[in-house]
Amino acid sequence: MASAALELMGFFLGLLGMLGTLVSTVLPRWRISSHIGSNIVTAVENMKGLWMECVYQSTGAFQCETYNSMLALSSALQASRALTVMSVVLSVLAVAVSTLGMQCTVCLDGSGSAKSRVAGAGGGLFLSAGFLAFIPVTWTMHEVVQTFYQVNVPTSMKSELGECLYVGLASALLSMLGGGMLCASCCEEQDGGRGLRRHGGGYPYPGIPGGVASGVRTTSQTYRNPTLQVGGGTPAGRGQTLLHTSNSSHSSTRGVQGSKKNPAAGYDVTGYV
């Protein structure tokens with residue numbers, strides 16, 4: 001039950017991470033214009049993303065233009081594009097694989113540990129997708145902050161961190177957290193299956209096959225006759241003496257029981273012996 005809850009939580013966290021990564025990849029608010037120094041005109045706001053560059057005016061007009069040439073872009077932007085697209089693709093595959101391997105679904109039923117392994121593979125895909133989304137987001141953050149604090153860069157060329165960077169960072173962390181939870185649930189389920197030991201016949205009494213039989217009383221202590229311990233003697237003699245004593249006790253018990261069965265056998269009808 002605990003592993004199933006862990007799988008569901010990890011799956012939903014990974015799904016949220018995938019949606020956040022998709023949103024941050026599509027929207028253009030990775031870099032926004034900074035209004036500092038002489039650049040205090042807030043009527044126009046410039047924003048840049050991975051695929052387009054947009055301009056927002058205070059009148060409500062919103063105009064976007066995609067990049068004309070992909071090869072003319074910087075190497076950092078091209079790498080960010082590739083990493084985010086790979087992250088989204090891996091997230092989609094992770095959702096599909098995790099759905100097949102989770103305990104709450106009927107897929108791959110009766111396959112034993114293969115179902116948990118499939119869920120663990122989905123968790124690994126979520127981890128990879130989160131790591132791929134984490135790289136371009138942090139890389140762009142570093143570039144924006146480094147450019148902002150450079151003195152020789154004009155104020156109009158400086159930009160600030162956009163909302164998509166924060167969304168992408170949170171989504172990457174959610175994807176990695178969800179993938180880790182899925183992998184942990186897979187390991188927990190396998191450890192729980194290995195922890196169920198099946199003891200062989202006779203456990204905990206190795207002398208009796210199939211365990212303790214019904215109606216059979218067993219003990220681990222050995223009976224020792226006090227008279228034999230005092231008198232000593234060989235083990236064979238002790239066994240014979242013990243057997244003779246046991247037979248005598250059984251014979252005397254039977255005689256007493258026989259005498260109790262016929263209490264009036266030694267008396268006359270008149271009451272005299």
Side-chain angles (χ1 to χ4, degrees), residues 1-30 49-52 70 73 75-143 161-195:
M1 183 62 70
S3 61
L6 200 62
E7 282 180 356
L8 283 175
M9 188 174 295
F11 176 77
F12 284 117
L13 288 178
L15 186 61
L16 288 176
M18 183 197 71
L19 294 177
T21 303
L22 182 61
V23 168
S24 63
T25 302
V26 174
L27 294 182
R29 298 185 66 87
W30 281 56
L50 297 178
W51 310 95
M52 63 188 72
M70 185 182 68
L73 300 175
S75 58
L77 187 56
Q78 293 181 12
S80 299
R81 277 184 172 187
L83 290 174
T84 51
V85 170
M86 290 174 60
S87 175
V88 172
V89 172
L90 286 180
S91 296
V92 173
L93 291 177
V95 169
V97 173
S98 300
T99 304
L100 295 176
M102 288 197 308
Q103 299 180 19
C104 59
T105 60
V106 296
C107 303
L108 300 177
D109 279 343
S111 57
S113 61
K115 190 175 179 67
S116 62
R117 292 177 183 176
V118 171
L125 290 175
F126 271 126
L127 281 172
S128 302
F131 183 72
L132 289 178
F134 184 78
I135 294 175
V137 170
T138 53
W139 192 352
T140 305
M141 283 183 171
H142 173 71
E143 284 188 349
L161 301 175
E163 292 84 354
C164 287
L165 293 178
Y166 298 105
V167 174
L169 181 61
S171 302
L173 295 177
L174 286 177
S175 296
M176 289 189 287
L177 180 60
M181 293 176 72
L182 281 172
C183 294
S185 66
C186 171
C187 297
E188 181 181 353
E189 184 177 354
Q190 290 183 357
D191 292 341
R194 288 194 296 265

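Residues: numbered from 1 along the sequence shown.
- Residues V137 and W30 are in side-chain contact: their nearest non-hydrogen atoms beyond the backbone lie under 4.5 Å apart.
- Not counting sequence neighbours, the partners of S87 by the side-chain contact (heavy atoms from CB on, under 4.5 Å) test are T21, S91, A129, L132, A133.
- One finds the OG1 atom of T99 at 11.0 Å from the CD atom of E7 (value rounded to the nearest 0.5 Å).
- The minimum heavy-atom distance linking G123 with C183 is given by the pair C-SG, 3.7 Å.
- For M52, the CE atom sits in a packed shell: over 12 heavy atoms of surrounding residues, nucleotides or ligands are nearer than 6.0 Å.
- In this structure S98 satisfies the side-chain contact (heavy atoms from CB on, under 4.5 Å) test together with F11, F126, L182, sequence neighbours excluded.
- Contact detail for V167 and S24: the closest heavy-atom pair is CG1-CB, 4.4 Å.
- Nearest approach of C164 to L27, heavy atoms of both residues: SG-CB, 3.4 Å.
- Residue-environment remark: CE (M141) exceeds the threshold of 12 foreign heavy atoms within 6.0 Å.
- Once rounded to the nearest 0.5 Å, the distance linking OG of S185 with CE of M9 reads 11.5 Å.
- Atom-to-atom distance recorded for L13:CG and M18:CE is 13.0 Å, nearest 0.5 angstrom.
- For the side-chain contact (heavy atoms from CB on, under 4.5 Å) test, residues two or more places apart in sequence or in another chain that qualify with L16 are L174.
- Interatomic distance, CG of L83 versus OG1 of T25, reported as 10.5 Å (0.5 Å rounding).
- By the side-chain hydrogen bond (donor to acceptor under 3.5 Å, both in side chains) test, E163 is found to be paired with R29, residues two or more places apart in sequence or in another chain being considered.
- The side-chain contact (heavy atoms from CB on, under 4.5 Å) test applied to L19 returns no partner, not counting sequence neighbours.
- The two residues P136 and T84 have their closest heavy-atom pair at CG-CG2, 3.8 Å.
- Pairs engaging residues 77-102 under the salt bridge (Lys or Arg N to Asp or Glu O under 4.0 Å) rule: none recorded [sequence neighbours left out].
- Among V92, L93, V95, the single residue meeting the side chain to side chain contact (heavy atoms under 4.5 Å, CB included) criterion with L125 is L93.
- Rounded to the nearest 0.5 angstrom, M181 CE and L8 CG are separated by 9.5 Å.
- Counting only distance, with no hydrogens or angles, the side chain of W139 and the backbone of L77 share no donor-acceptor pair below 3.5 Å.
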